[in-house]
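These numbers come from a predicted model, not from an experiment.
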Amino acid sequence: MTAAAGALPLFRQTVKDEWIDYNGHLSEAYYVLVFGFATDALMAETGLGPEYREATGCSLYTVEAHVRYLREVDRDAELAVRTTVLGADTKKARFLHEMYVAGAAGEPAGDPVATEELFALHVDQATGRSAPLPDAVRDRLTSLAAPAPEWAGRGIREV
């Protein structure tokens, strides 16, 4: 874990029965749902939460995502998602989530079960166009930035 990633609270979620697929494991759509909740937590932590959206009409929009499904997750598993900001500038942010099955203390245990890398734009919902991030939000995101792990920024492998 990087020091910057440690500055963000872990997002935690218990796998629900209705999220289990016909193979008896967490369905792929629900990995992304949990990652979406972790993105919401990042937004709230950095000043882009619901109050900000209501007051400004602006929000982060995901424009690209890359998910890696690394291990199966069982029913009732406790998940912990660690978020790392990779960078931010005037109108955009890049960050990633690493999902783990939580250990006894609720902290990530073992290797990640999935990862998601995201590229997001700050959008004015009234115009549908990108808009500058508030300085305080950009500064907060930048202060959290950490180096990317070796797997980040890679596309799908060729067969």
Side-chain angles (χ1 to χ4, degrees), residues 1-54 58-88 91-123 125 128 130 137 140-141 144-159:
M1 176 171 74
T2 65
L8 290 168
L10 286 172
F11 176 79
R12 292 179 177 84
Q13 175 73 52
T14 301
V15 174
K16 299 179 181 194
D17 280 342
E18 59 267 24
W19 296 357
I20 299 301
D21 67 13
Y22 43 83
N23 293 316
H25 301 103
L26 184 62
S27 180
E28 67 186 70
Y30 293 101
Y31 285 83
V32 176
L33 178 71
V34 173
F35 284 140
F37 293 153
T39 297
D40 293 344
L42 168 68
M43 291 172 63
E45 183 68 23
T46 58
L48 295 172
E51 300 83 11
Y52 172 80
R53 284 190 300 280
E54 288 177 24
C58 295
S59 186
L60 278 186
Y61 281 28
T62 299
V63 294
E64 186 174 344
H66 182 221
V67 179
R68 297 185 315 149
Y69 302 94
L70 304 172
R71 290 181 179 56
E72 296 169 341
V73 174
D74 293 326
R75 181 182 321 274
D76 297 324
E78 295 291 328
L79 301 174
V81 179
R82 180 178 293 144
T83 299
T84 303
V85 176
L86 301 178
K91 297 179 180 181
K92 59 191 174 198
R94 183 174 163 231
F95 52 96
L96 58 85
H97 301 299
E98 295 172 289
M99 181 186 297
Y100 298 83
V101 172
E107 295 295 314
D111 293 326
V113 296
T115 65
E116 182 180 51
E117 183 178 2
L118 295 141
F119 175 69
L121 286 177
H122 183 249
V123 173
Q125 295 174 311
S130 63
V137 171
R140 173 76 170 132
L141 287 166
L144 293 168
E150 59 82 23
W151 55 264
R154 296 185 180 185
I156 295 177
R157 295 183 184 113
E158 292 185 36
V159 179

(request) Just do the side-chain contact (heavy atoms from CB on, under 4.5 Å) check on Leu144 and Thr46 with the steps written out, would you? (result) CA-CA 10 Å; Leu144 293 168; Thr46 58; 4.0 Å; yes
(request) Output, in order, the C-alpha distance, side-chain angles, deciding distance and verdict of side-chain contact (heavy atoms from CB on, under 4.5 Å) for Val15 and Val34. (result) CA-CA 9 Å; Val15 174; Val34 173; over 6 Å; no
(message) Going by salt bridge (Lys or Arg N to Asp or Glu O under 4.0 Å), name the pairs with one or both residues in residues 95-122, residues two or more places apart or in two chains.
(response)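 The answer is Arg12-Glu107, Arg71-Asp111, Arg94-Glu117.
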(message) I need the full list of salt bridge (Lys or Arg N to Asp or Glu O under 4.0 Å) pairs touching residues 29-41, with sequence neighbours left out, sorted by first then second residue.
(response)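 Output for this query is empty, none listed.
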Do [X] and [Y] come within less than 4.5 Å of each other through their side chains, counting heavy atoms only?
| X | Y | value |
| --- | --- | --- |
| His66 | Phe119 | no |
| Leu96 | Thr115 | no |
| Val81 | Gln13 | no |

Minimum heavy-atom distance [X]-[Y], with the two atoms named:
| X | Y | answer |
| --- | --- | --- |
| Gly24 | Asp74 | O-OD1, 4.5 Å |
| Arg82 | Pro108 | NH2-CG, 3.3 Å |
| Thr83 | Ala38 | OG1-CB, 4.2 Å |
| Leu10 | Gly106 | CD1-O, 4.4 Å |
| Phe95 | Ala120 | CE2-CB, 4.2 Å |
| Ala102 | Ala80 | CB-CB, 4.2 Å |

Hey, could you give me the [atom1]/[atom2] distance between [X] and [Y], rounded to the nearest 0.5 Å?
| X | Y | atom1 | atom2 | value |
| --- | --- | --- | --- | --- |
| Thr14 | Glu78 | OG1 | CD | 3.0 Å |
| Arg53 | Cys58 | CZ | SG | 11.0 Å |
| Leu42 | Phe35 | CG | CZ | 13.5 Å |

(request) List in chain and number order the residues that pass salt bridge (charged side-chain N to carboxylate O under 4.0 Å, His left out) with Glu150, two or more places apart in sequence or in another chain; answer none if no residue qualifies. (result)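 Result, salt bridge (charged side-chain N to carboxylate O under 4.0 Å, His left out) vs Glu150: Arg154.
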(request) Just jot down the salt bridge (charged side-chain N to carboxylate O under 4.0 Å, His left out) partners of Arg75, sequence neighbours excluded, or say none. (result)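 Testing Arg75 for salt bridge (charged side-chain N to carboxylate O under 4.0 Å, His left out), a comparison that skips the adjacent residues, returns Asp17.
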(message) Suppose we screen for side chain to side chain contact (heavy atoms under 4.5 Å, CB included). Which residues come up paired with Val137, at least two apart in sequence or across chains?
(response)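 Side chain to side chain contact (heavy atoms under 4.5 Å, CB included) check on Val137 returns Leu48, Leu133, Pro134, Leu141.
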(request) List in chain and number order the residues that pass side chain to side chain contact (heavy atoms under 4.5 Å, CB included) with Ala41, two or more places apart in sequence or in another chain; answer none if no residue qualifies. (result)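 Side chain to side chain contact (heavy atoms under 4.5 Å, CB included) check on Ala41 returns Phe11.
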(message) Considering only residues two or more places apart or on different chains, which pairs with a residue in residues 18-36 satisfy side chain to side chain donor-acceptor pair (under 3.5 Å)?
(response)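 Counting only pairs at least two positions apart or across chains, the side chain to side chain donor-acceptor pair (under 3.5 Å) contacts touching residues 18-36 are His25-Glu72.
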(request) Tell me, please, which residues at least two apart from Ser59 pass side chain to side chain donor-acceptor pair (under 3.5 Å). (result)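 Checked Ser59 against side chain to side chain donor-acceptor pair (under 3.5 Å); zero matches.
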